[in-house]
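One structure is given here, and the rest of the page talks about it.
Predicted, not measured: the structure shown is a model, and the values here were computed from it. A note on names: the letters A, B, ... follow the listed sequences, proteins ahead of strands, and every chain is numbered from 1.
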Amino acid sequence: MTSTAATYDVRTAMPIRVELARQFRRRRTVVTYALLVLLPLIVVAAVKFGPQSSGSDSGRRFGGGSLDLVGLATSGAWNFTVTMLFFATGFLLVLVTAVFLGDTVASEAQWSTLRYLLAAPVPRRRLLWVKLVVGLLSTAGGLVLLIVTSYAVGWLAFGGGPLASPAGGSFSGPDAVWRVAVSAGFIFISLLFTAGIAFLMTVSTDAPLGAVGTALIIVIVSSILDAIEALGDLRQWLPTDYTNAWVGALQPQIDWSPMARGAALAFAAFVVLVGIAFLRFDRKDILS
Amino acid sequence: MSGIGAAVAAAALFAAAAGGAAAADGPSPQSLIVAGGPTSRSDPRPVEIDADLYLPATTPAPAIVVAHGFGGSKRDVTEQAQALADDGFVVLAYTARGFGESGGEISMNAPRFEVADARRIVDELARRPEVLTDAPGDPRIGVAGGSYGGALALLLAGYDDRVDAVAADITWNDLRSSLFGQSWVPARTLGVFKQWWAGGFFSVGLDQPGAGDDLCGRFTRAWCEAFDRAATGSPPTAGDDALLAASSPASVTDRVTVPTLIGVGQADSLFPYAQALANYRQIRGADPENPVRLVWHGGGHDGGSPEPERLTVMTAEWFTAHLAAGPAVPTVPEVTLVDGVLGADSRRQPVVASVPDLVDAPRVAVPLTGEGGVVRAPAGGAPAAVSSFPGIGGLAAQVGMAPPGQTVSFETAPVDRDLTVMGSPRVTVSLAADPPVGDVALFAQTRVVTAAGTETAPQGLVAPVRIERVGPTPTQVTIDLPAIATRVAAGDRLKVVVGTTDAAYRLPQRPALYRVGIGDDELLLPVPDDVTTTGQSAPAWLLLVVPLAAVVAGVVWALRPRPPRPESRPELVDTPVVVEHVSKTYRRGPTAVDDVGFTVPRGVVLGLLGPNGAGKTTTMRMLMGLIRPTGGEMYLFGERVHAGAPVLSRVGSLVEGAGFLPHVSGRANLELYWRATGRTGDPGYDQVLEIAGLGTAVDRKVGSYSQGMRQRLGIAQAMLGMPDLLMLDEPTNGLDPPQIREMRDVLRDYAATGRTVIVSSHMLAEVEMTCTHVVVMHRGRVVADGDVVDLKSAGERLEDVFLEIVGSDRTVGGG
């Protein structure tokens, strides 16, 4: 047995790449990403091989009609991509966010690894910060994966071509990239609301599923409240009121206003929730 | 009230829905009866006008007369009146004659009757001390109204020069061309009668309180008969024309020289853009210096997406600027751009464009092609195309339904650049009929076809055209298509659809066939050069998220846990563990550790003993910085212990079982753990794995391990990097006897190198064989500590000593 004395440098505790390695080997991560890859494949299979409706063109169409976003889905890879974003923003991406942020600390508690990391010692704030960054990176990665897969699948199924705006006009090449990038950017920021709730939950419980589920329930309740007409203008204070505000990026001239409101609300909620999560975790007795 | 009445009332004013909160807070208005103009041609007695007076906080103040829409009453404008009173105006809202509680008959804003009533109201305001006056008998006064009330506002300004400012929304310039739509330019004949609209209005007039069973309801005889003629297809008589002209602002706009705000809705098939444009041009022509503003907004008589709040604010600012010397307001025309992606969202802020050259926008000619074809006008006018449901709602950008065979269309090539079209496109078609046809009605619409093939009809309106006779020789017919405000993207095509029917109009009854072709191979689009979009700027308070984030970050930073003082005790630098008066009380629970103190010297294997709940694990967790003691101090190598204390890097630990990532192998777990610890130096993987003795299983996922394997790997993890202090809680759990003996040697050897080991165990015999020192805890306290040899008298077993100390409580375990 040698007696080489180990030294310690707090700056090297819990590097982000180590946490990435710890998380990306998990089945949870693989399954979540697989869902995002499957969505466009399932939709394309449904369109291509599903029951054909009558009419010359309608066999390749689905959705509510020619005026809306979904109705244009089969007109090319870009439109298919934004349609997949539309399908995913309501629940799938919220679920992905809740899993990545809600599971991250609670699962360590469940595996009993949390106490060994903290006693290593990984400073608590360092641990939370890395957990937050990796959770958000994983969420962003899921979003990018969905977009890239949708584009590839859409390109194979429906060909390239410009992004046709449901509001009239079309965007070609770099403009289409810009529009989709703005959409994706806003979707990511609006997901921060879910991320904030899930992150606060994950430091508050030792049950990963409980944290994920609680975050989902809060987001769903917010969506239900948003659907209650009687609440009138009060609804504009619900972060979920802006779930689809990113379609403003598909207007001939980008309509920033609802996106700005939604982004500001989601970000404000995120900052406050994450702040509470840090303060809670600072002083928490680790009993797991 | 019928559907039409409700819609007209809803659309009737600048602000139907705004200012609700203000209305609830403000004082209730004062009801009064104003003696109006003569009751009728034959009855000179003044008619009783039912009015409400709203007073502002301070008087005297300028006054505003608020007139309601057709079929409504003073109650429909309560919210707007209250909002204006809150802005500092005396407001008088009244019910027009022929409606509600007011007396008299409906005369469609006739100068002798409704306008006279309004002038008596101005007289009434001039007498009131609360109203600011410019001269005796001349109050400082503005008039606001929508639709029926808007025409009254313009007419009053023309007839009474005491009026100082006007806000007239969604109203007419010329009643004849409003009710008989004619988009043939220049208009040569009477247009197509808007039967659905006119009939709707008439029925609202019939339905007023006090109408009785009279066929004419509360309409005057003259208007009643004029309507009957129009509805049954007779052209207006000279008398009817005189009535229509007298009730039209066009008759007085050359005398309107006060600041005038003119609103028009984009969803308005009754008083379309052309009517507002005529008012705007005529009033500007009367005095080029006079501020006049045109606002082409969402909504209108057809419904659409109204913007009541924006218009309320705009109206109040207009009057504040021109009656109360408030901040200047611009006169640049404004146009709302209504785009739909996922359907209308009423809460979405509209995109509003300032368009200085709106009314004289340059025209862009785009080539128009199409074979043309024969269209059929059905007998009796049915079935008919539907473009709007007057009074119920328009179809917005939807392409309406048209029965087959009734339409022909022409298309442009894809436009080569983005165009913002604002105003009426103009098209010329050629029209022929063999055999000739008398009384021809046509309806034309502009559509946008995107590159992707979607087709929309911006604003969804149709342009009616009436021609008295079409023969075999083609007639060139130039049509001003409905005004549209839309963006046409490069690559989109424009399409002109010409049809023979529209359900909202009185259609010719005889069947006919026409050949429709292109008259002029260009479609002229009004494309303003100067379009500045506003209104999509987000409210400034959104920027508050930046200071909010800074504040939250600041609070979180300020509340960061600080190491307790003193941070170190240099004299203890060679003592691995010093615990002094440490207590831990959980918020909802008993005191787990109570005033515990002990010292662990270097190079010993110390046994921590005690029954369940003695506080051994809590003490160990506190020494690892996982649990905060409620009192006392703990030092490792002279450094104070707290969460994340760097000195913890000299400690390896195993408490209440091992913790591993189940999805990776044992080896990878150790590697990932070491890389996360922040420790540098040689982790000694081979040595610790040898101690773990897992064999080839070390490369299997930990999820498949037995408890003993996990335990051995946990001890190995604690030993990574050979820390100076090893704290093991029940290390022999799950180990078989040979492994236990092996572990005993490992721990002894470990301490022999000058390092220190703390072991808690319930197997007292084991502790006896392994440990040189013991600390015995019971019920949160240290009840004995010292050298194992000192503690037990000769021949005694440690177990006997232990039972002696803890008394009858025989439960011994890992609590």
Is the shortest heavy-atom distance from the side chain of A:R115 to the side chain of B:E656 under 4.5 Å?
yes
Top contributor to chain A interface from B:A718, B:G652, B:P662 [non-hydrogen pairs under 4.5 Å]
B:P662
Between B:V651, B:L623, B:V702, B:I627, who has the most heavy-atom pairs with chain A when the cutoff is under 4.5 Å?
B:I627
Going through the distances and angles, do A:L279 and B:V556 end up as a side-chain contact (heavy atoms from CB on, under 4.5 Å)?
CA-CA 6 Å; A:L279 293 178; B:V556 171; 4.2 Å; yes
Taking atom CG of B:D745 as the centre, report whether more than 12 heavy atoms of other residues, nucleotides or ligands fall under 6.0 Å from it.
yes
Contact part of A:R22 toward chain B, heavy-atom cut-off under 4.5 Å: side chain, backbone, both or neither?
both
Using heavy-atom distances under 4.5 Å, tell me whether A:E19 contacts chain B through its side chain, its backbone, both, or neither.
neither
Turns out that what part of A:R125 lies under 4.5 Å from chain B's heavy atoms comes down to side chain
Shortest non-hydrogen pair, A:V271 vs B:L548, comes out as CG1-O, 4.4 Å
Just by distance, do the side chain of B:R679 and the backbone of A:A120 share a donor-acceptor pair under 3.5 Å?
yes
Heavy-atom side-chain contact between A:P121 and B:S649 under 4.5 Å
yes
Any donor-acceptor N/O pair, A:Y116 side chain to B:V655 backbone, under 3.5 Å
yes
When you measure from the side chain of A:T12 to the backbone of B:G678, do you find a donor-acceptor pair of N or O atoms at a distance under 3.5 Å?
yes
May I ask you to decide if B:G659's main-chain N or O and A:T113's side chain share a donor-acceptor pair within less than 3.5 Å?
no
Heavy atoms of A:A268 and B:V545 approach each other most closely as CB-CG1, 3.9 Å
Side-chain donor or acceptor of A:R26 paired with backbone N/O of B:L661 under 3.5 Å:
no
If one checks every heavy atom of A:L287 against chain B at 4.5 Å, the contacting part turns out to be both
I'd like to verify something: which residue of B:P646, B:A643, B:G491 has the highest number of heavy-atom pairs under 4.5 Å with chain A?
B:P646
Tell me, for A:L117 versus chain B, whether the close heavy atoms (under 4.5 Å) come from the side chain, the backbone, both or neither.
both
Is there side-chain contact between A:L118 and B:L626, with heavy atoms separated by less than 4.5 Å?
yes
In this structure, which one of B:R621, B:K584, B:R628 forms a salt bridge (charged side-chain N to carboxylate O under 4.0 Å, His left out) with A:D285?
B:K584
What option among A:G161, A:A13, A:A263 has the most heavy-atom pairs under 4.5 Å with chain B?
A:A13
NE2-OG distance between B:H663 and A:S107, expressed to the nearest 0.5 angstrom
8.5 Å
B:A658 portion near chain A, given a 4.5 angstrom heavy-atom threshold:
backbone
Listed by chain and number, what are the side-chain hydrogen bond (donor to acceptor under 3.5 Å, both in side chains) partners of B:D418, not counting sequence neighbours?
none
Which atoms of B:Q717 approach chain A - backbone, side chain, both or neither, heavy atom under 4.5 Å:
side chain
Heavy-atom contact with chain B under 4.5 Å, split by part of A:S288:
backbone
NZ (B:K701) with more than 12 external heavy atoms under 6.0 Å
no
Can you check whether A:D282 reaches B:L559 side chain to side chain, under 4.5 Å on heavy atoms?
no
Counting heavy-atom pairs under 4.5 angstrom with chain A, the leader among B:S653, B:A668, B:G684, B:G714 is B:S653
What one should report as the nearest heavy-atom pair of B:L672 and A:A21 is CD2-CB, 4.0 Å
